[in-house]
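Take a look at the structure set out below.
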Amino acid sequence: MDRLPQLYNYYHKCHKSNLLQAWKKLQEVNSAKSLVEWLPMFYDHLMATWHSEVQWCEQVFPNPGKVVVELLTQTLSSLKPSLPACMETTLEEDTLLNLIELKKTTDRFAKNIDSAITTSKKDSCLGLEEFELVRAIYLPYLPYLARYGALEEEYLSQELSCLQLEKRDLIDCAQLLSNSVTNIFKLTNDAVDRCMILTNGYDSLGLIQAVKCLFSRYCKSFNASISNLQSDFESSFSTSRELGEDWTTFQHALKVIQTCGELLLGMEDFEISLSGSILSSTAAHQCEAFSPTALPQKASPVITSAFTDYNYLLEKNPTKYQDLLRLIHNIKQENSSSVMDDPMKGLKKVNEHAHKFAFELVFSQLEKQLVQISYMEVWTSEGGVLSADLPTFSLSPQEYITKIGQYLMTLPQQLEPFTSQENPALAKALETGRLPFPPEQGGLEVEHLADYWLGAIARGVMYTYVESILKIDELTAHAARQLVTDIDYLCNVLDAFGLPASTDLRHVEKLLETPVSHYDEITGAIPSRLCHVILKLKKHHEDR
């Protein structure tokens, strides 16, 4: 018995030499191949060594498992060239993907050797030796595991750069943006899989940061595409174009909004899936519960198996491990709702940008019609129909306002393809998006897309109409009556849709109808700005 340690040393020296020679030979024979291709051969050799040597050691040593485990540990720690050196060469290109393949190979070996040790375990006091073996198996990966977040971020950035989001043509661009939804979430789901394979979920924080960076860049590219489309539309828009001549552009802009809704729904699903993966992986590795009010000085999860519960993060970076526990606690407490807060905010901003773009496509044509009103000669003309002393009801609305009315009445038809059937993505986009000219506080809330859009555009029309009227220099008495007729026509069109006229538009109508001599009777309830401007343009003509 006194000579047993010497026998151990002799045994380890002889067999370790044989294993190191086998490693060297494998490396030389496969020098032209990637480590991914020949590392499994060495692991197979180690497994064969385990099975043959443990049987022999059972006849010689009182603790055969311990002896062979130590042999494997010493061998893995003494490889020349070392496994990290071989990995460095292999990982010069496609670092993350090749690293994943190597890790899969190593995980299979670890699982097989764990099963073999468990099956043939003759001595119960093998905990420390097993742990040292696990350390030796995974030691080459630790520098890469520490950099996982950066590696993932770099890889996702490269993949995103291959995802085309820009086309000058709106139809093509809308299709590209729509196609990108499936691609972006495939990237994120694949990233989750890589994190679980490579880090066993321990670097979920690195994964989250990488995904946040991915969506930050994606949202930036998405916004850039919309901005380019806006710029092209503005530069190509012609004042000679007939109002409502082409609605195709608007329909494709609505498709972009629908894509935003798909992204928002997809993010909600991904957030739930990601949280579930984090909780599942950490539960499998015995991550202890965490409470902010009782933060352990040193986290110490219960180890049930050196192989299945190897916690490299606790050993190498206990501070980051505590951050992981805090994350787990937050997910459990907040039901996963905060894991992807930043990406969700970014997507909501993209959605608002898409809403603004689509709105401008429709409203800009109306706006160009309305801003010209203040320069129309009809307001100062002394001749023609306006010079006749005709009652107001005998006047007909002018062409500019009837065109606007017809345009508004056409809008629901253009929205019909998106509202004729259930569309959860569009509903989600509308739920979080905002259009210009929101309803006044306490105004009617609408559920349907057509009503939502028609209401916003109608309020924009009324606001712009009022501002254009206030820029008119002067009005003849008959011109004022004609303008009242035009306003009344617009109000009737809006009333047909169940939309009330704005307070300012009604005030302007009232001021135009009321003789200047009676203004004292009505001005108390009307903003002074409106009273002053309308009075000035009416008196301008009367004073001449």
Inset, instruction - May I ask you to check whether F363 and F437 place their ring centers less than 6.0 Å from one another? - result: yes

Inset, instruction - Name the orientation class of the two ring planes belonging to W453 and H355 (parallel below 30°, tilted from 30 to 60°, perpendicular beyond 60°). - result: parallel

Legend entry - Partners meeting salt bridge (Lys or Arg N to Asp or Glu O under 4.0 Å) with E93 (sequence neighbours left out): none

Legend entry - F185 and F215: CA distance, side-chain angles, deciding distance, ring pair (Phe, Tyr, Trp, His ring centres under 6.0 Å) verdict: CA-CA 10 Å; F185 285 112; F215 273 100; 5.8 Å; yes

Legend entry - Which residues share a side-chain hydrogen bond (donor to acceptor under 3.5 Å, both in side chains) with E70, sequence neighbours left out: none

Inset, instruction - List for me each residue that meets salt bridge (Lys or Arg N to Asp or Glu O under 4.0 Å) alongside E352, sequence neighbours excluded, and say none if there are none. - result: R434

Inset, instruction - Indicate, with yes or no, if the rings of W56 and Y11 have centres closer together than 6.0 Å. - result: yes

Legend entry - Carboxylate-amine/guanidinium proximity below 4.0 Å for E268 and K428: yes

Legend entry - side chain to side chain contact (heavy atoms under 4.5 Å, CB included) partners for P84, two or more places apart: S82, P140

Legend entry - Closest approach of A174 to V256 (non-hydrogen atoms, all atoms of both residues): CB-CG2, 3.9 Å

Legend entry - Test salt bridge (Lys or Arg N to Asp or Glu O under 4.0 Å) applied to K348 - qualifying residues, sequence neighbours left out: none

Inset, instruction - Not counting sequence neighbours, which residues clear salt bridge (Lys or Arg N to Asp or Glu O under 4.0 Å) with D169? List them please. - result: none

Legend entry - Parallel, tilted or perpendicular: ring planes of Y310 versus Y312, cut at 30 and 60 degrees: tilted

Legend entry - Interatomic spacing from CD1 in I100 to CG in D190 - rounded to 0.5 Å: 10.5 Å

Legend entry - S281 and N200: side chain donor to acceptor below 3.5 Å: no

Inset, instruction - Could you label the plane-to-plane angle of the W23 and W38 rings as parallel, tilted or perpendicular, counting under 30° as parallel and over 60° as perpendicular? - result: tilted

Inset, instruction - Using a strict cut-off of less than 4.0 Å between a Lys/Arg side-chain nitrogen and an Asp/Glu carboxylate oxygen, indicate whether E28 and K25 qualify as a salt bridge. - result: no

